[in-house]
Amino acid sequence: MTEALLSVTGLSVNYGHIEAVRDIDLALQAGRVTTLVGANGAGKSTTLLALSGLVPKAAGKVMFDGHDVTALPPHKLVGAGLVQVAEGRATLTTLTVRENLELGAYTRRDGAAARASDLERMFTLFPRLKEREHGLAGNLSGGEQQMLAIGRALMARPRVLLLDEPSMGLAPIVVQGIFRTLREINADGLTIFLVEQNVRQALRIAEQAYVLENGRVVLHGTGRALLDEPRVQQAYLGG
């Protein structure tokens, strides 16, 4: 296997005296979808927040494209190409759809033409956003806000997209559309790290998968192999 684009070694995160994540090792291969699944409270979102520099790490090392980025602040990580779509979408509700998307490119320095081209690509990827381009983000449905959050992150031209629970609170038909879009942007070469409570959907899309329980990685393998794993079926798939 080739060297990982993003690797995590011995990651631990504490909230006071509580160990939320303990001694996690992860590796993301370039151009692949990797997923982290587990029950509520297992430490999935904490792992993403630590990778994004949004919560302090108690221990561990994060390497990105051969560089140690463990101590980089969030804005530097975004500039390096590590971009997160937060749980709950975090759209700026008093700004328009277009303004939200444009803010996604805030750290870029490649010129207005490139940003305009990417904006049009987002409207092609998410036609509903084009229809609502000049409307307030706060008036969008939950599914549309999720599209906007993903589009805004893509406007930063990430090399790794971190996604935290993109299906949360959405109708099944909307979830299917979101996952189709994830497959499409991955097919274009984008590396995706997906945290998702919908274990079946996540394992179907992922080439590599990790199962997190009580802050520790307890299983690792291909998404297909873990779908067939009895322990996963019993705990998460109703098998």
Side-chain angles (χ1 to χ4, degrees), residues 1-15 18-52 54-55 57-64 70 82 84-88 146 150 160-170 172 175-176 178-180 182-183 185-186 190-239:
M1 185 176 291
T2 58
E3 183 179 351
L5 176 60
L6 179 74
S7 63
V8 180
T9 308
L11 177 66
S12 296
V13 178
N14 300 335
Y15 294 127
I18 299 173
E19 284 187 310
V21 170
R22 292 172 284 175
D23 199 28
I24 285 182
D25 294 342
L26 300 166
L28 275 61
Q29 302 298 322
R32 295 185 180 179
V33 177
T34 301
T35 190
L36 181 65
V37 299
N40 280 336
K44 306 185 304 295
S45 292
T46 295
T47 300
L48 284 195
L49 291 171
L51 293 182
S52 298
L54 295 169
V55 298
K57 306 168 187 66
K61 186 176 186 179
V62 181
M63 298 292 295
F64 183 39
T70 307
L82 195 63
Q84 180 170 346
V85 178
E87 180 182 353
Q146 188 63 67
I150 293 172
V160 175
L161 184 65
L162 309 175
L163 280 162
D164 195 357
E165 303 283 8
S167 74
M168 180 177 287
L170 302 182
V175 172
Q176 291 175 12
I178 294 293
F179 274 83
R180 277 197 303 270
L182 296 183
R183 290 188 182 95
I185 60 179
N186 172 247
L190 181 62
T191 305
I192 296 175
F193 188 33
L194 172 67
V195 160
E196 178 56 61
Q197 194 172 339
N198 187 329
V199 175
R200 192 181 304 276
Q201 283 275 24
L203 293 180
R204 282 175 174 167
I205 196 176
E207 295 171 89
Q208 292 292 318
Y210 295 83
V211 178
L212 200 63
E213 291 182 0
N214 299 317
R216 292 184 180 274
V217 172
V218 295
L219 290 171
H220 168 230
T222 66
R224 177 56 58 186
L226 291 187
L227 270 174
D228 296 332
E229 167 64 43
R231 182 173 173 181
V232 172
Q233 290 183 350
Q234 182 173 5
Y236 305 108
L237 303 177

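Computed from a predicted model, the values in this text were never measured in an experiment.
- Side-chain atoms of K57 come within 3.5 Å of backbone atoms of A50 as a donor-acceptor pair (strictly under, hydrogens ignored).
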Show me, pair by pair, the donor-acceptor contacts under 3.5 angstrom made by side chains of residues 35-45, not counting sequence neighbours?
unit_1, atom_1, unit_2, atom_2, d
T35, OG1, L194, O, 2.8
K44, NZ, G38, O, 3.1
K44, NZ, A39, O, 3.0
S45, OG, E87, OE1, 3.1
S45, OG, D164, OD1, 3.0
S45, OG, D164, OD2, 2.9

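- Contact annotation: the side chain of V160 approaches that of L5 to within less than 4.5 Å [non-hydrogen atoms, C-beta and beyond].
- To the nearest 0.5 Å, atom CZ of residue R180 and atom CD1 of residue I205 are 11.5 Å apart.
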### Task
List the steps and the verdict of side-chain contact (heavy atoms from CB on, under 4.5 Å) for V199 and V211.
CA-CA 10 Å; V199 175; V211 178; over 6 Å; no
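- A heavy-atom distance below 4.5 Å is found between the side chains of I192 and I185.
- Of all the heavy atoms in A58 and N14, the pair that sits closest is CB-ND2, 3.5 Å.
- Considering every non-hydrogen atom in both Q233 and D228, the closest pair reads NE2-CA, 3.6 Å.
- Every residue was checked against the side chain to side chain donor-acceptor pair (under 3.5 Å) condition with E207, not counting sequence neighbours, and none meets it.
- Taking every heavy atom of both residues into account, S167 and N198 meet most closely at OG-CB, 3.9 Å.
- For F193, the ring-ring contact (aromatic ring centres under 6.0 Å, His included) test picks out no residue, with sequence neighbours left out.
- The side-chain contact (heavy atoms from CB on, under 4.5 Å) test applied to S52 returns L54, Q84, L162, not counting sequence neighbours.
- Atom CG of N214 sits in a sparse spot, with 12 or fewer heavy atoms from other residues, nucleotides or ligands closer than 6.0 Å.
- N186 contributes a side-chain N or O that, together with a main-chain N or O of G31, makes up a donor-acceptor pair within less than 3.5 Å.
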Which pairs of donor and acceptor atoms, one on a side chain in residues 216-227, lie under 3.5 Å apart (sequence neighbours left out)?
unit_1, atom_1, unit_2, atom_2, d
H220, NE2, Q208, OE1, 3.2
H220, NE2, Y210, OH, 3.4
T222, OG1, A225, N, 3.0

### Message
side-chain contact (heavy atoms from CB on, under 4.5 Å), that's the test. Do L212 and I24 meet it? Break it down for me.
### Response
CA-CA 9 Å; L212 200 63; I24 285 182; 3.5 Å; yes
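- Among residues at least two apart or in separate chains, there is no salt bridge (Lys or Arg N to Asp or Glu O under 4.0 Å) pair with a member in residues 194-206.
- Remark: R231 engages E213 in a salt bridge (Lys or Arg N to Asp or Glu O under 4.0 Å) (not counting sequence neighbours).
- You'll find the side chain of T47 reaches within 4.5 Å of the side chain of L26, heavy atoms only.
- Side-chain atoms of S7 do not come within 3.5 Å of backbone N or O of A27 as any donor-acceptor pair.
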#### Entry: L182/V33 under side-chain contact (heavy atoms from CB on, under 4.5 Å): CA gap, chis, key distance, verdict
CA-CA 9 Å; L182 296 183; V33 177; over 6 Å; no
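- With sequence neighbours excluded, the residues satisfying side-chain contact (heavy atoms from CB on, under 4.5 Å) with A20 are Y15, T46.
- Note that the CD1 atom of I178 and the CE atom of M168 stand 14.0 Å from one another [nearest 0.5 Å].
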### Task
Go through the steps to decide whether Q176 and Q201 satisfy the test side-chain contact (heavy atoms from CB on, under 4.5 Å), and finish with yes or no.
CA-CA 9 Å; Q176 291 175 12; Q201 283 275 24; 4.3 Å; yes
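- In terms of heavy-atom proximity, T70 sits nearest to G60 at CG2-O, 3.5 Å.
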